[in-house]
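Only one structure is covered here, and it is reproduced in the block below.
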Amino acid sequence: MTSIIKVTPLLGALDTGTAVCYLLKVDQYTLLLDCGLDVTKLSEFTARIMQHTNHINAVLVSFPDVDHIGALPYLYGTLGLDCQIYGTVPVYNMGQMFLYDYYQSKNSSEDFNIFTLDHVDNVFDHFQQMKYSQTLTICPGISITPYAAGHMIGGTMWKIMKDDEEDIVYAVDFNHKKERHLNGALFNNIIRPSLLITDAYNATFEYKKRRKRDQELISTILETVRQDGNVIIVVDTAGRVLELMQLLEQLWRNAESGLSAYSLALLNHVGYNVVDFAKNMLEWMSDTVTKQFEEQRSYPFHFKHLNLCHSLQELEKIPSPYVLLTSMADLSCGFARNLLAVSAETKENCIIVTQRTKPDTLASKLLSNAINNTIDITIGKRVPLEGKELEEHLNSIAKKQQEVEKMEVEEEGEESDEEQEDDQALVQRHDVPIPEETHNKKSFFKQHKVYPMFPFHEEKIKWDEYGEFIKHEHFRIDEEPIKEEEMETEKVKPVTTAPAAPTEIPTKCVTSRIKTQVNCKVKFIDFEGRSDGESIKRILAAVLKPRQMVIVHGTPDSSRHLAEFCRDSKDMGVSQIFVPGIGETVDATSERHIYQVKLKDALVTAAKFSRANDAELAWIDAVIDVQLNADKEQVAMLEPLTNKPSHVPVFINEPRLSNLRQTLIKNGIQAEFNGGVLVCNNKVAIRRNASGTIQIEGTVCDDYYKIRTLLYSMYAII
């Protein structure tokens with residue numbers, strides 16, 4: 001590599017968390033690779049990323065879930081990040097669904113102030129949608145290409161090219177296996193990268209086979225509903241839930257399964273939109289799904305048995321027993337948490353967790369505790385304000401409204417003053433020529449006559465970010481005249497006033513701690529959709545074979561386990577393996593004698609550049625001065641020398657003799673090869689010696705100097 005490459009994990013390195021965020025610095029450009037949200041580490045994450053916010057040039061997003069894009073609204077809305085975001089079309093669509101559902105779930109149970117829905121919209125205003133295998137230049141010399149990663153719809157492995165020479169691959173959470181609604185990851189175009197940034201999340205984890213997992217899910221559902229119990233399957237919002245929706249819908253359509261007599265439902269805040277987006281993104285799904293649509297003309301996500309619910313009130317209308325898909329996957333908030341407090345005490349019910357979570361989440365605690373144990377659940381809900389709290393809230397709103405109106409009145413007053421000045425200027429004009437006596441006689445220059453002109457007032461147009469203000473009187477339609485008979489009947493009718501438009505009721509969050517006896521069955525059935533440890537090792541050793549590796553997103557044990565495997569593998573041939581911690585920067589530059597320096601303006605202006613192919617070169621005599629920049633980092637500055645020493649000219653860009661021959665012929669010089677020697681006008685001979693340098697021999701004449709000048713013009717001489 002000829003570029004200076006540095007990688008800094010900000011989230012997801014040598015820990016048990018699921019959120020990921022990494023900084024990739026290539027020379028002077030900085031890329032943010034994913035930006036997940038971990039609420040428990042928000043203050044530390046803010047302190048780390050604030051140092052780099054002003055230097056980030058682009059954000060690359062791999063997956064649409066909260067673990068990969070959850071902190072972007074916070075960065076763009078609060079920390080002031082303002083750069084382009086790149087991701088696939090499904091990541092753009094489903095990412096909004098994830099963040100909307102997460103915000104609604106959090107805001108309904110607590111005073112959530114990390115970001116707002118306006119911040120979410122602001123994030124996706126900066127989003128540039130891409131397709132698989134589409135190459136796009138995002139910075140000078142840096143291009144990106146997304147490739148299918150599986151796991152979730154639109155999931156991406158990023159290939160980052162620098163000057164079309166060195167390639168950096170960022171691939172985390174990929175899944176090489178084909179599923180019902182997704183194809184597996186494709187590695188054909190990312191073989192033998194210069195640097196691979198990958199994860200060790202599943203390095204020590206072994207999955208059951210897909211058939212066994214499906215059979216375990218089916219048997220658990222049948223066993224529960226036949227005992228009149230409800231099955232609550234805890235899933236994400238718009239990612240892995242699509243795979244489970246496909247599986248359950250197929251089971252319900254199969255009459256032999258015996259499940260069509262029971263209810264099937266999906267409960268989250270954006271269920272309708274998720275299904276609608278899935279219907280419109282069939283080209284991003286598996287070959288089986290597209291083939292089914294092309295041959296049978298049936299939408300795979302047109303569900304006949306799945307009921308879509310947006311609230312607990314809608315769920316109450318679903319007859320029991322039922323099988324319910326609901327979010328959030330870690331039970332941190334949302335409908336799943338509320339239902340757990342109600343359903344856990346009934347021993348006929350069953351709760352199925354489909355994803356591994358952090359040890360401190362409610363889902364992890366639920367799985368670790370045995371049945372018949374008691375767990376504490378903090379439940380939050382919004383209640384309307386009453387009494388003194390409502391009065392104080394209304395007073396604060398009234399004060400804010402008065403301040404806004406006061407500011408508007410002041411602005412209107414300033415505008416009216418300007419208009420009044422314009423009117424006074426118009427009044428001073430006359431409709432007849434002004435006599436010369438009225439002119440200023442003290443003026444030295446000749447005065448022009450003022451000719452008649454009617455007074456004219458140009459109305460100033462007012463506008464805001466939505467355009468010109470609308471004047472309602474321009475669009476008012478005069479009512480038809482009412483007949484006398486109608487007027488008499490109207491007099492008899494009693495006067496009724498229209499009801500006032502309903503306003504948003506102010507609310508507050510009230511939390512309560514509930515001790516719940518877990519009598520129901522609790523199971524973990526893996527539907528994460530990631531490659532397992534054995535598959536990851538085979539892919540790294542037999543397919544990818546990177547020259548260098550940076551291992552992130554894993555526990556300390558799994559990260560070290562994968563690093564040791566790669567070092568011991570003879571087939572990989574990896575030169576360096578880095579396992580950084582959070583906040584630790586690793587230098588992944590393969591060349592050890594490359595340094596980054598800054599040049600003084602005086603040094604640049606004094607340098608004489610010579611062009612060699614696509615580059616410009618110059619000889620510089622300077623001294624290195626190490627200084628501290630605004631971020632308190634050491635920066636090497638080159639200071640020009642006062643007494644420049646002389647140096648022997650250096651010839652760069654050794655030309656080929658065949659190219660030199662064409663140049664000579666274009667300039668009217670006869671040139672032919674004779675035994676590997678280029679003979680020019682039978683006077684000058686040009687040959688390449690054993691060391692590879694070009695020698696020119698011949699009689700001293702005008703042709704000799706002309707040929708030598710043409711030869712020198714093909715070099716970059718510094």
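Residue numbers count from 1 along this sequence.
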Residues Glu249, Arg253: salt bridge by 4.0 Å N-O rule |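 Salt bridge: yes.
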
Salt-bridge contact Asp167-Lys162 (side-chain N to carboxylate O under 4.0 Å) |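 Result for this pair is no, no salt bridge flagged.
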
Between [X] and [Y], a side-chain donor and acceptor under 3.5 Å:
{"X": "His561", "Y": "Thr204", "value": "no"}
{"X": "Ser535", "Y": "Tyr207", "value": "no"}
{"X": "Thr30", "Y": "Asn57", "value": "no"}
{"X": "Gln246", "Y": "His181", "value": "no"}

Tell me if the aromatic rings of [X] and [Y] count as close, with their centers under 6.0 Å from one another.
{"X": "Phe303", "Y": "Trp252", "result": "no"}
{"X": "Phe187", "Y": "Phe174", "result": "yes"}
{"X": "Tyr92", "Y": "Phe127", "result": "yes"}

Using atom types as modelled and distance alone, determine if a side-chain donor or acceptor of Glu294 lies under 3.5 Å from a backbone N or O of Lys291.
->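 A pair under 3.5 Å: no.
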
Side chains of residues 97-105: which donor-acceptor pairs under 3.5 Å do they make with residues two or more places apart or in other chains?
{"unit_1": "Tyr100", "atom_1": "OH", "unit_2": "Asp121", "atom_2": "OD1", "d": "2.6"}
{"unit_1": "Asp101", "atom_1": "OD1", "unit_2": "His269", "atom_2": "N", "d": "3.3"}
{"unit_1": "Asp101", "atom_1": "OD1", "unit_2": "His269", "atom_2": "ND1", "d": "2.9"}
{"unit_1": "Asp101", "atom_1": "OD2", "unit_2": "Thr237", "atom_2": "OG1", "d": "2.7"}
{"unit_1": "Asp101", "atom_1": "OD2", "unit_2": "Ser327", "atom_2": "OG", "d": "2.9"}
{"unit_1": "Ser105", "atom_1": "OG", "unit_2": "Asp101", "atom_2": "O", "d": "2.8"}

Can you list the residues that meet the side-chain contact (heavy atoms from CB on, under 4.5 Å) rule with Ala200, with sequence neighbours excluded?
->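 For Ala200 the side-chain contact (heavy atoms from CB on, under 4.5 Å) partners, ignoring immediate neighbours, are Ala203, Ile551, Ser558, Ser559, Leu562.
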
Under 3.5 Å, sequence neighbours excluded: what are the donor-acceptor pairs made by side chains of residues 143-153?
{"unit_1": "Thr145", "atom_1": "OG1", "unit_2": "Thr135", "atom_2": "OG1", "d": "3.0"}
{"unit_1": "His151", "atom_1": "ND1", "unit_2": "Glu528", "atom_2": "O", "d": "2.9"}
{"unit_1": "His151", "atom_1": "ND1", "unit_2": "Gly529", "atom_2": "O", "d": "3.1"}

Working to the nearest 0.5 Å, report the span between CG of Leu266 and OH of Tyr272.
->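 Separation between the atoms: 9.5 Å.
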
About how many Å separate OH of Tyr29 and CD1 of Ile56, when rounded to the nearest 0.5 Å?
->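 So the CD1 of Ile56 and the OH of Tyr29 are separated by 16.0 Å.
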
Please list, chain by chain and in numerical order, all residues satisfying side chain to side chain donor-acceptor pair (under 3.5 Å) with Glu616, sequence neighbours excluded.
->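 Arg611.
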
Residues which pass side chain to side chain donor-acceptor pair (under 3.5 Å) with Thr78, listed by chain and number, not counting sequence neighbours =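 Residues passing side chain to side chain donor-acceptor pair (under 3.5 Å) with Thr78: none at all.
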
Selection residues 540-562 - residue pairs positive for salt bridge (charged side-chain N to carboxylate O under 4.0 Å, His left out), sequence neighbours left out =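 Every candidate salt bridge (charged side-chain N to carboxylate O under 4.0 Å, His left out) pair involving residues 540-562 fails, so no pair, neighbours aside, qualifies.
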
Decide yes or no on ring-ring contact (aromatic ring centres under 6.0 Å, His included) for Tyr132 and Trp284, but give the supporting numbers first.
-> CA-CA 9 Å; Tyr132 288 145; Trp284 296 87; 5.0 Å; yes

